Amino acid sequence: MEVRAKQLECERIRLEQEVEQLTLKQVQLMELLQLLAVAVLVFLVMVLWLMGCKRSQRREVHNGENNGANEEEVRDGDANEEVDVGNAEEDYAIQEEDGNVAANGEDDIENEVVNEAANAGNNDHALAVYEAGTDFDDDLGRIVMERIQWSVQELQAGCEWTRNLMDNYTVYFGHVLANSFYPGLQRAIEVGSAFEGWSPCEQDVVYQVLIPMTPPRGHSFHLELDSAEQRHKRNFRVRVQLECTCTKEQQAENVLCFLHHPEEELRSNQDPSLLDTLCTDSYLDVQKTARWFYQLVRAIWPALPQSHNWHLKLLPSTRSCQFQVTNGRERLRIEIFFGVQRGDSDIFVSSQPTEAHTQSITWPETYAVAEAKFFKHIAQQAPPDSLHLKCLQLFTRLLLGFSFSPYTMKTIVMHLLNVVPVSQWRRRDLLNRLLDISKCLRICVLAKRLNHFIVGNRRLPQHIHLPSDVQAAPRYNLFHHLAEEPAAHTQAIYECRLLLQWLKRILLGEQ
């Protein structure tokens, strides 16, 4: 019995040793597998890091070349004008250190879009395209364009039709007003988003024009600044003054002098002066001018060739002339503003209101003509496949429902177009330019400052002419309300983050 017990004890010890050896082997195998998994993960991370480094190096080289080309121009510029969004980078950096900025939001979007594009097709092919650099960027731009629903609205045809209509109206304006004492109407100037090549609306595009007015015989216009205390806008009054017409040339035209002829003779033999028709207290009245202009448009319409195939419908407005023309299949909406030119510059005082309740004798300063000339300047230099207008159109439509106005995005894009060469707005640059616009908006919101593009800007193209006081004026801050109203600033920050999320979803094809 004792021998048997010893044998069993030995057998038990042997079995325990075998179990221990088997367990040790399993543990070693698990450790080996874990080590292998970590090595694979590290390898993948290194591959992604190298790919990111190559892309960053290409971008740094590209930006370095552009910076070198523009270094002399920037050095000669005013210190406050090196970045047209207006000293926002410094404020942005300060707030970023305070933790008020969501870090690397645009970088996250770019990385995700790049990964999505790489996964959209064959991985080996995507990696090869990535190594090619430019081909990958172009492929990426193509994918982004496919995910964005661009409008099919054709603006060019509407612009051409409106241009022909206004040219016909100008001819008749000249005949009807030749011997009158109403303002002379010059050829319409194309302004607004439609003539600039973009539109913030899918439907109901408005084609806007500005008609310069000149004083009639025996009258002169004098622009008076409404108030020297205005900080964020400039309003003028157009004072109408009678001039002597007693010269032999004007007497030969049977023109009586409003200053030196008796009132009874004037009432009996000559039409009333402009002071008695379209003025209030010696100042040209916007609302009276608009009513007179409506009557003129209605009276001339039957004589125009367009009236044979199109129907005219006048729309209500107190400070402009708005009407709609239809031919059964097409519909165009046109708005005519009128204004007085400041000297020989591209700046006008116009009937276009800047706030809800603008007085009838107030003529705000408008920069629409100068901005339209800037977009024409860009169009002449841009390559045929430039997407700067599509970028602007995308953001203005993305902002519907937000507190940001289309003019805000237009201003940001104009600033970028003034510092980023037009050759860098092609399809291969689409993602970078969209992220640039988003980043500029975020910087300006955080800094509570967005400089007006025209006022105080000394780096405009030379053929855009500004009065000296406009060129030397302090930069207007379009975001002044964010600095004055904390609640508005908080709301703008929230909307800016929400906009970034929406842009991310669009670029990733999630909506």
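Worth saying up front: this structure is predicted, and the values here are computed from it rather than measured.
- Taking the six-membered ring wherever Trp is involved, the centroid distance between the rings of F402 and W502 falls below 6.0 Å.
- The side-chain heavy atoms of Q471 and L460, taken from C-beta on, include no pair separated by under 4.5 Å.
- Distance check, rounded to the nearest 0.5 Å: CG of L315 to NZ of K313 gives 6.5 Å.
- No more than 12 heavy atoms of other residues, nucleotides or ligands shown are found within 6.0 angstrom of CZ on R331.
- For F258 and H219, the distance between ring centers is under 6.0 angstrom.
- Using cut-offs of 30° and 60° on the angle between ring planes, the pair F404 and F479 is tilted.
- Atoms CG and CD, on L332 and Q324 in that order, are 8.5 Å from each other to the nearest 0.5 Å.
- Annotation: side chain of E196 is in contact with side chain of K410 (closest heavy-atom distance under 4.5 Å).
- In this structure a side-chain-to-backbone donor-acceptor pair under 3.5 Å is present from H261 to C257.
- The neighbour count for D344 CG, taken as heavy atoms of other residues, nucleotides or ligands under 6.0 Å away, does not exceed 12.
- Side chain of R237 to backbone of D226: no donor-acceptor contact under 3.5 angstrom is found.
- Of all heavy-atom pairs spanning R458 and A472, the tightest one is NH2-CA, 4.2 Å.
- Crowding of E160 atom CD: a count of heavy atoms from other residues, nucleotides or ligands under 6.0 Å exceeding 12.
- When all heavy atoms are compared, the tightest approach of E243 to L259 is C-CD1, 3.8 Å.
- Side-chain contact check for S403 versus E495: some heavy-atom pair is nearer than 4.5 Å.
- Contact between S199 and V205 at its shortest, heavy atoms only, is OG-CG2, 3.5 Å.
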**Request:** Start with the C-alpha distance between I347 and I454, add both sets of side-chain angles, then the distance that settles side-chain contact (heavy atoms from CB on, under 4.5 Å), and finish with yes or no.
**Result:** CA-CA 10 Å; I347 305 301; I454 297 296; 4.3 Å; yes

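- Rounded to the nearest 0.5 Å, atoms CG (L223) and CZ (R234) are 10.5 Å apart.
- Atom CE of M213 sits about 12.5 Å away from atom CD of Q341, to the nearest 0.5 Å.
- Within the 4.5 Å cutoff, the side chain of P364 has no heavy atoms near those of the V349 side chain.
- Remark: side-chain polar atoms of S438 are not paired, donor with acceptor, to backbone N or O of L434 under 3.5 angstrom.
- A 6.0 Å sphere centred on CD of Q359 holds no more than 12 heavy atoms belonging to other residues, nucleotides or ligands.
- Below 30°, between 30° and 60°, or above 60°: for W425 and H388 the angle between ring planes is above 60°, a perpendicular geometry.
- Contact annotation: the side chain of I334 never approaches that of Q208 to less than 4.5 Å [non-hydrogen atoms, C-beta and beyond].
- Between L399 and S405, the shortest heavy-atom distance links the atoms CD1-O, 4.3 Å.
- Aromatic pair F453/F374: ring centres closer than 6.0 Å.
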Give the table of side-chain donor-acceptor pairs shorter than 3.5 Å for residues 174-194, with sequence neighbours excluded, one pair per line with atom names and distance.
unit_1 : atom_1 : unit_2 : atom_2 : d
S180   : OG     : L177   : O      : 3.2
S180   : OG     : Y182   : N      : 3.3
Q186   : NE2    : T214   : OG1    : 3.3
R187   : NE     : D167   : OD1    : 3.0
R187   : NH2    : D167   : OD1    : 3.3
R187   : NH2    : D167   : OD2    : 3.3
E190   : OE1    : R163   : NH2    : 3.4
E190   : OE2    : R163   : NE     : 2.4
E190   : OE2    : R163   : NH2    : 3.4

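- With T326 contributing its side chain and G328 its backbone, the two residues share no donor-acceptor pair below 3.5 Å.
- The shortest non-hydrogen separation linking R319 to S350 is NH2-O, 4.3 Å.
- Side chain of H260 to backbone of C244: no donor-acceptor contact under 3.5 angstrom is found.
- Here the straight-line distance linking atom CG of L274 with atom CG of D285 works out to 10.5 Å at 0.5 Å rounding.
- Taking the six-membered ring where the residue is Trp, Y407 and H452 present tilted rings, their angle falling between 30° and 60°.
- The distance from the CG atom of L304 to the CG atom of N168 is 6.0 Å, given to the nearest 0.5 Å.
- For the pair R239 and Y283, the NZ or CZ position fails the cation-pi test of under 6.0 Å to the six-membered ring centre and within 45 degrees of the ring normal.
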**Request:** Might you work through the side-chain contact (heavy atoms from CB on, under 4.5 Å) test for C391 and V413, ending with a clear yes or no?
**Result:** CA-CA 8 Å; C391 292; V413 171; 5.7 Å; no

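- At least one donor-acceptor pair under 3.5 Å links the side chain of Y294 to the backbone N or O of Q322.
- For the pair I412/L392, no side-chain contact is recorded, criterion being any heavy-atom separation below 4.5 Å from C-beta on.
- At distances below 3.5 Å, at least one donor-acceptor pair connects side-chain atoms of T170 with backbone N or O atoms of M166.
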**Request:** Would you sort out whether R298 and F323 count as a side-chain contact (heavy atoms from CB on, under 4.5 Å), showing the intermediate values?
**Result:** CA-CA 10 Å; R298 182 190 292 111; F323 56 88; over 6 Å; no

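- A salt bridge is absent between R427 and D385: the closest approach of a Lys/Arg side-chain nitrogen to an acidic carboxylate oxygen does not fall below 4.0 angstrom.
- Of all heavy-atom pairs spanning M409 and I437, the tightest one is CE-CG2, 3.3 Å.
- Looking only at side-chain heavy atoms (C-beta outward), R426 and P383 come within less than 4.5 Å of each other.
- Annotation: side chain of F236 is in contact with side chain of R342 (closest heavy-atom distance under 4.5 Å).
- In this structure, W161 has its ring center under 6.0 Å from that of W310.
- The neighbour count for E263 CD, taken as heavy atoms of other residues, nucleotides or ligands under 6.0 Å away, does not exceed 12.
- In this structure, N327 contributes its side chain and E330 its backbone to a donor-acceptor pair below 3.5 Å.
- Counting only N and O atoms by type, the side chains of N477 and R475 include no donor and acceptor under 3.5 Å apart.
- By the neighbour-count criterion of 12 heavy atoms within 6.0 Å, atom CG of N269 is densely surrounded, having more than that number from other residues, nucleotides or ligands.
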**Message:** Between W363 and F348, is the side-chain contact (heavy atoms from CB on, under 4.5 Å) condition met? List the steps.
**Reply:** CA-CA 9 Å; W363 296 75; F348 288 73; over 6 Å; no

